[in-house]
Amino acid sequence: MPPAEPVTGPPSLRQRRRAVAVREILTAAEHHIGEHGPAALSLRAVARSLGMTVQALYHYFPSRDHLVTALVAEAYNDLADAVQAAVDAAPDRTAVPRMVIAAEGYRGWATGNPERFQLIYGAPLRHYAAPVEGPTTQAVRRMSAVFQRELFGGFTTAQLAAADTPEPSSELRAQLENLSPDALGALPPPAVSLLLSAWGQMHGLVALEVFGHTTFIGDHQAEVFHSAMRNMVEGIHRRIPTGPGEGGDPARRQ
């Protein structure tokens, strides 16, 4: 007989109280970042805002790095939720590419949460390094998976491998082939190149807007972003053959 599944009951009173305390600490830390910026985050300031001692806060977050890691992972997961929610809310039949809808979900979260966007994509916090293969890495991979699915959905691995992109160097190809399957390792090198290009264009436009560099466009930033994303997706899809034996768009060959 197979071993019995472990029985897991509801969380204990102590666990529930701890979860409430952790939530209050994270909320206070996010509020502090919103007022003073990520670089000013400190356990002492967060504890003071909650009427706690720093020693009491250590029971939940042993160091500033632990708190930052929790905040960054939560921000990434909330961003991934927003991207997924935008895709889920789209009608089944729409003339707008689903990657564009996902990108607009990304932009909507970023412009609505500029301080949290700055925490994960702004200047690196001094003396902080995210744990290797920790919660922040897993959260980033979760969001990446959404964009991979929406950009390449409907294409086979053979088609993606035949995409019309510059041939990578042998060193770069080896690096890409050694990536974890949980990250980008499941994609052939040409698809990785296309995905990174898409990411750079999407994120670059959003970062310019969040940090106030496109205010000259006025109230038309959403329209400009939508147009840029449609052009980007159409350009990428033209580079992917419609059949496993066909090449990309000859007009776009280098």
Side-chain angles (χ1 to χ4, degrees), residues 19-86 102-144 146-147 199-222 224-225 228:
V20 169
V22 168
R23 179 69 267 159
E24 288 182 353
I25 293 168
L26 291 175
T27 299
E30 289 169 359
H31 181 73
H32 186 80
I33 289 173
E35 286 193 339
H36 307 287
L41 181 67
S42 72
L43 291 182
R44 187 174 301 278
V46 173
R48 187 184 305 119
S49 70
L50 290 169
M52 300 173 64
T53 64
V54 176
Q55 289 72 22
L57 195 58
Y58 286 150
H59 290 295
Y60 304 97
F61 295 98
S63 69
R64 172 178 171 270
D65 281 6
H66 286 83
L67 178 58
V68 171
T69 295
L71 289 168
V72 170
E74 185 169 75
Y76 273 125
N77 277 312
D78 286 352
L79 176 51
D81 286 343
V83 172
Q84 186 62 61
E104 289 180 324
Y106 184 94
R107 173 185 173 271
W109 185 90
T111 56
N113 299 273
E115 294 83 10
R116 299 180 75 195
F117 182 84
Q118 183 180 353
L119 172 67
I120 57 179
Y121 291 124
L125 295 178
R126 295 187 64 184
H127 310 303
Y128 171 74
V132 177
E133 294 299 323
T136 56
T137 302
Q138 298 304 319
V140 171
R141 287 178 178 174
R142 178 185 166 221
M143 184 172 60
S144 174
V146 178
F147 287 116
W199 161 256
Q201 293 180 63
M202 177 191 72
H203 178 75
L205 282 175
V206 170
L208 286 173
E209 181 176 357
V210 169
F211 293 113
H213 299 297
T214 54
T215 54
F216 63 91
I217 302 175
D219 296 331
H220 307 289
Q221 295 185 91
V224 170
F225 183 79

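Taking all atoms of both residues into account, the shortest heavy-atom contact from W109 to A75 is CZ2-O, 3.7 Å. Of all non-hydrogen atoms in A139 and A73, the two that sit nearest each other are CB-O, 3.8 Å. Taking each heavy atom of E30 and L71 in turn, the nearest pair found is CG-CD2, 3.7 Å. Of all non-hydrogen atoms in H32 and A40, the two that sit nearest each other are NE2-O, 3.1 Å. When every heavy atom of A207 is checked against every heavy atom of F117, the shortest pair comes out as CA-CE2, 4.1 Å. Nearest approach of P135 to P131, heavy atoms of both residues: CD-CG, 4.2 Å.
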Could you walk me through whether S63 and H66 pass side-chain hydrogen bond (donor to acceptor under 3.5 Å, both in side chains), step by step? CA-CA 5 Å; S63 69; H66 286 83; 2.7 Å; yes
Could you walk me through whether Y128 and T69 pass the side-chain hydrogen bond (donor to acceptor under 3.5 Å, both in side chains) check? CA-CA 9 Å; Y128 171 74; T69 295; 2.7 Å; yes
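Rounding to the nearest 0.5 Å gives a distance of 5.0 Å between CG of L43 and CG of L57. Interatomic distance, E115 CD to E35 CD, rounded to the nearest 0.5 Å: 10.0 Å. One distance of note links NE2 of H59 with OG1 of T53; it measures 7.5 Å at 0.5 Å rounding. Within the model, atoms OH of Y76 and CZ of R116 stand 12.0 Å from one another, a figure rounded to the nearest 0.5 Å. Atom CD1 of I120 and atom CG of L125 lie 12.0 Å apart (nearest 0.5 Å). Atom CG in L205 sits 9.0 Å away from atom CD in E209 (nearest 0.5 Å).
Heavy atoms from other residues, nucleotides or ligands lying under 6.0 Å from NE2 of H31 number 12 at most.
Using a 4.5 Å cut-off on side-chain heavy atoms (C-beta onward), V72 and L119 make contact. Residues Q118 and V210 fail the side-chain proximity criterion, which asks for heavy atoms closer than 4.5 Å. The closest side-chain heavy-atom distance from L67 to Y60 is not below 4.5 Å. Q138 places none of its side-chain heavy atoms less than 4.5 Å from the side chain of R142. Residues F61 and L26 are in side-chain contact: their nearest non-hydrogen atoms beyond the backbone lie under 4.5 Å apart.
Remark: the backbone N or O of R107 is paired with a side-chain donor or acceptor of T111 at under 3.5 angstrom.
Ring pair H203/Y106 is perpendicular by interplanar angle, where above 60° counts as perpendicular and below 30° as parallel.
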